[in-house]
Amino acid sequence: MDTIQDASATELIEFNRPYAAKNSFAYMQIAVDNSHTCGDGSFTKRCQGFLEQEIGVARALLTTSCTDALEMAAVLLNIQPGDEVILPSFTFVSTANAFVLRGAKPVFCDVKPDTLNLDEKCLEDLISGQTKAIVPVHYAGVACEMDHIMSVANRNGIPVVEDNAHGLFGKYKGRNLGAIGAMATQSFHETKNFNCGEGGALLINDEDFTERAEIIREKGTNRNRFFRGLVDKYTWVDIGSSHLPSDLLAAYLYAQFETFHEIQAIREYSWNVYDNSLREWAVECGVEQPHVPMHCEQAYHMYYLLMPSLDARQDLIKHLKCLRITSPFHYLPLHLSSMGAKFGSRAGDCPVAESISDRIIRLPFYNSITKSEINRVIDGVMSFEIG
Ligand SMILES: *Cc1c(COP(=O)(O)O)cnc(C)c1O
């Protein structure tokens, strides 16, 4: 009987594993030794400077999450009850909620069957006199068709906020994601390429928003101008909240930024092992692999497969679970949610989002994943037969 493998003895391969860089904890200690662990300390400034330099944005402000940065964007755009905001149905709930919190109605755009990104060809028809923002999401770190989106937006005088939670260091026609719209938001949640547990950033390209963004982030005060000596006392000047992360978290994050080339290179390598190893199997089984258009450099955020049917997807999840491999599906289309229904959305509104949401499966993918773990996942997937 000792030839039968005891499945429970096999180590679980999780979907994600939190990552700390070599210097993350040493830098947190330095923040304590500096006697500055609240927001806007030296590590926060270093993280912001890094993002401004590497992405080429006018201003980067660390926030406590991407959700938080999206909420700041909604305040900056003066979103009011009755306004409409266009976003893909296939996204995380915060892309919508940040604007809904200010009273906006989310208008859901369908996605493209190849990149799973907002379908730019559907955009024009969704614009109304009430449209106050367009929020494309660069799904899996592959760029949306930004030329088309920006030209429709500019023609109609509507600002674009890139939800770039997946796309840090991705490029569209040579341009950095996050540097194209009026603003962009980043996530440093545990599951993202660069993380501090929970964290985010607001990137600002349109400098008209910079000063007010600093005020909103500092509880509606002009504290930032005070510290720069531009006013002689600081006071309450606008609405706002506490959007600053602790410098401890910035320290943890900065250690990862310092090694961003290595982190991205290792993710690129893992992504390519999955993609190359599964190609033949995928073609044979009618499974689609991710599509990266020639003019896009992806951010290597995720590796997913599109199965031929919901049943095949559910069976593969079960099959991998038996092999102690965690492979989740992803977003449920927002237009099908109970909140979506309250805004008048119905099944059938975004057919592509409905179809891919049923068929997508994400494979384990994280900075510290090993070659042997990847091989176990690949063997597990290839041992699956579509019934
Ligand atoms: C992760 C994610 C968010 C939210 O990020 P948090 O930092 O957890 O608030 C928003 N949008 C997308 C597309 C995401 O993947």
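Below, all heavy atoms of this structure are taken into account, side chains as well, without hydrogens, waters or symmetry copies. Start at 1 and go down the list; that is how both ligands and their atoms are numbered.
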Mind checking whether Cys66 has an N or O less than 3.5 Å away from an N or O of ligand 1?
yes
Considering heavy atoms of the protein only, find what lies nearest to atom 2 (C) of ligand 1 and give residue, atom and distance to 0.1 Å.
Lys192 NZ, 3.0 Å
Which residue supplies the protein heavy atom nearest to atom 15 (O) of ligand 1, what is that atom called, and how far is it?
His166 NE2, 2.6 Å
Nearest protein heavy atom with distance in Å, relative to atom 11 (N) of ligand 1
Asp163 OD2, 2.8 Å
Measure from NZ or CZ of Arg46 to the centre of the six-membered ring of Phe43 and say whether it is under 6.0 Å with the direction within 45° of the ring axis.
yes
Would you mind checking which non-hydrogen protein atom is closest to atom 14 (C) of ligand 1, with the distance to 0.1 Å?
Ala165 CB, 3.4 Å
the protein heavy atom lying closest to atom 3 (C) of ligand 1 turns out to be Phe92 CD2, 3.5 Å
Would Gly199 count as a contact residue for ligand 1, given that I'm defining contact as a non-hydrogen atom of the residue lying under 4.0 Å from a ligand atom?
yes
Heteroatom proximity flag, Thr91 to ligand 1, N/O under 3.5 Å:
no
State whether the shortest distance between N or O atoms of Ser94 and N or O atoms of ligand 1 falls below 3.5 angstrom.
no
Same apolar cluster (I L V M F W Y, side chains within < 4.5 Å links), Met307/Leu116
no
Does the separation of the ring centres of Phe169 and Phe194 fall below 6.0 angstrom?
yes
On the 0 to 90° scale, with breaks at 30° and 60°, tag the Phe227-Tyr234 ring pair as parallel, tilted or perpendicular.
tilted
Is any N or O atom of Asp68, backbone or side chain, closer than 3.5 Å to an N or O atom of ligand 1?
no
Can you say whether the rings of His330 and Tyr139 are parallel (under 30°), tilted (30 to 60°) or perpendicular (over 60°)?
tilted
Atom indices of ligand 1, in the order listed, that fall short of 4.0 Å to a heavy atom of Thr67:
4 (C), 6 (P), 9 (O)
Would you call the rings of Phe92 and Tyr331 parallel, tilted or perpendicular, taking 30° and 60° as the class edges?
tilted
Closer than 4.0 angstrom: is that true for some heavy atom of Phe90 and an atom of ligand 1?
no
Kindly say whether the aromatic ring centers of Phe15 and Phe365 come within a distance under 6.0 Å.
no
Proximal atoms of ligand 1 relative to Val137 (non-hydrogen, under 4.0 Å)
13 (C)
Checking the N or O distance criterion of under 3.5 Å, is ligand 1 in contact with Ser187?
yes
